[in-house]
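Letters go in sequence order (proteins before strands), and every chain restarts at 1.
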Amino acid sequence: MLIGKIVGTLVAEQKDPKLVGTKLLVVRQLDVKARETEGYVIAADTVGAGVGEVILYATGSSARQTLATENKPIDATIMAIVDTWEVYGEVMYTSNCSPCDNQLVVR
Amino acid sequence: MLIGKIVGTLVAEQKDPKLVGTKLLVVRQLDVKARETEGYVIAADTVGAGVGEVILYATGSSARQTLATENKPIDATIMAIVDTWEVYGEVMYTSNCSPCDNQLVVR
Amino acid sequence: MLIGKIVGTLVAEQKDPKLVGTKLLVVRQLDVKARETEGYVIAADTVGAGVGEVILYATGSSARQTLATENKPIDATIMAIVDTWEVYGEVMYTSNCSPCDNQLVVR
Amino acid sequence: MLIGKIVGTLVAEQKDPKLVGTKLLVVRQLDVKARETEGYVIAADTVGAGVGEVILYATGSSARQTLATENKPIDATIMAIVDTWEVYGEVMYTSNCSPCDNQLVVR
Amino acid sequence: MLIGKIVGTLVAEQKDPKLVGTKLLVVRQLDVKARETEGYVIAADTVGAGVGEVILYATGSSARQTLATENKPIDATIMAIVDTWEVYGEVMYTSNCSPCDNQLVVR
């Protein structure tokens, strides 16, 4: 899986019938230090994520292993909202820094 | 999924029997700001898309999860025509800017 | 799918039993303007293609969706011989330019 | 499969129900000489690996072929802890260099 | 499939039970002219290949389509030992150049 940040939404009226009701989000891939990279993907949301949140997404056939995406023409799925991760004991990101909302940790 | 723009068509008479009747389109990958990249893919159309339209395509086994592509040797499928997407509240692309047709938003 | 040009053949006597009888070809990936790129793949032929021909190939599990490749350890399959494709109305390649044989269109 | 080094852990409370109980680790890809590369992946652990250990991970549908990951939206799985590997007879890495713990071989 | 050269072996005692008995080899990807590239993969051997040999490997779900790898968390499998390949009639590699053993053709 890769870590991403939800940066936007996408609307498509004319689509495969199986996609009706699927929320499509624009996701920027983050690197291990929580910085945005050039990579992006349009992913199906299955966990109620919103713009600004840092999430985990799965690709390929693994993206169809949720109740909301099975047997659908979807190759990228958001299946977790990230609370925090650390590298060698140093926190790279945390969502729990109230009153800030989903701000990256100052490094 | 990735966002692409249909830039052309491909004809192949001698092919696997399962591909008879499949419309094959040349798709340029777009970046998140709706600019054409160097990447391309030949994709099966399942939504009646045409040259100039901005679409969403799925790859890998997910490309076979539509009625038109199941069990076929197809690894890229157009499964939605994009109306609009935005990033951090800014519209990156909209197809609904009549009288323009599928023109990118001026940024 | 991607467009490729068959540039050679590969021989392997000691192999998985399922591969007996499979013709293995060396394929150079072409870009959208029909130019050879650095990318290559060894693909199973299922349409009687030969050296010099421009073809379409599928990868991953989709490569196993032909009668000749199902359930085999094959991840790239030639499933169509390309006649022509165009981009924004301009012909990028055509095989039908007799007396030339499979020559690229002069651009 | 690729060789990686576990460099951290990731916590996500809000996630697909199938992911409950799955340990998610931050893995840096190593090159063939055991050097860290820029590549990373968030992988499910199935062998009790910990930070600092050098491991093998599988991606795609193969990542779901363990008892702990089957049918889950997981596209990268740690399925072995590496003891040693060598290239042309030269040891590139060994975990068995007590009293050092998982230190790379000096080259 | 891609062409690779076996350059080493990897040992991992603590692993998924399905991997017991699987020989894991370090494979350098070769380009179409038989030169080693930076790319590598750890692949399961199913054809009795050894260090120095030039082989063909399949990745993804196709890597599980051999008797020795089915249903295992393996995403790269060696399924053929290459004897020779040629590009536009020129031999790029041959294993049959006794008394040399698996040496590349001088070009």
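Of the inter-residue distances, the one linking I42(B) atom CD1 with I3(C) atom CD1 reads 3.5 Å to the nearest 0.5 angstrom. Rounding to the nearest 0.5 Å places CG of L30(C) at 6.5 Å from CD of E36(C). The structure places CD1 of I78(C) at 5.0 Å from CG of D45(C), a figure rounded to the nearest 0.5 Å.
At a 4.5 Å heavy-atom cutoff, the contact between T84(C) and chain B is made by backbone and side-chain atoms alike. Looking at V7(B), both its backbone and its side chain come within 4.5 Å of chain C, counting heavy atoms on both sides. Using a 4.5 Å cut-off between heavy atoms, K18(B) contacts chain C through its side chain alone, with no backbone atom that close. Heavy atoms of L19(B) lying under 4.5 Å from chain C belong exclusively to its side chain.
Using a distance-only test at 3.5 Å, with no hydrogens or angles considered, no donor-acceptor pair links the side chain of R28(C) to the main chain of G4(C). For the pair E13(B) (side chain) and D83(C) (backbone), a donor-acceptor distance under 3.5 Å is absent.
Comparing P73(B), A44(B), P17(B), A76(B) by how many heavy-atom pairs each has under 4.5 Å with chain C, the most go to P73(B). For chain B, the option among T46(C), L67(C), V32(C) with the highest count of heavy-atom pairs below 4.5 Å is V32(C).
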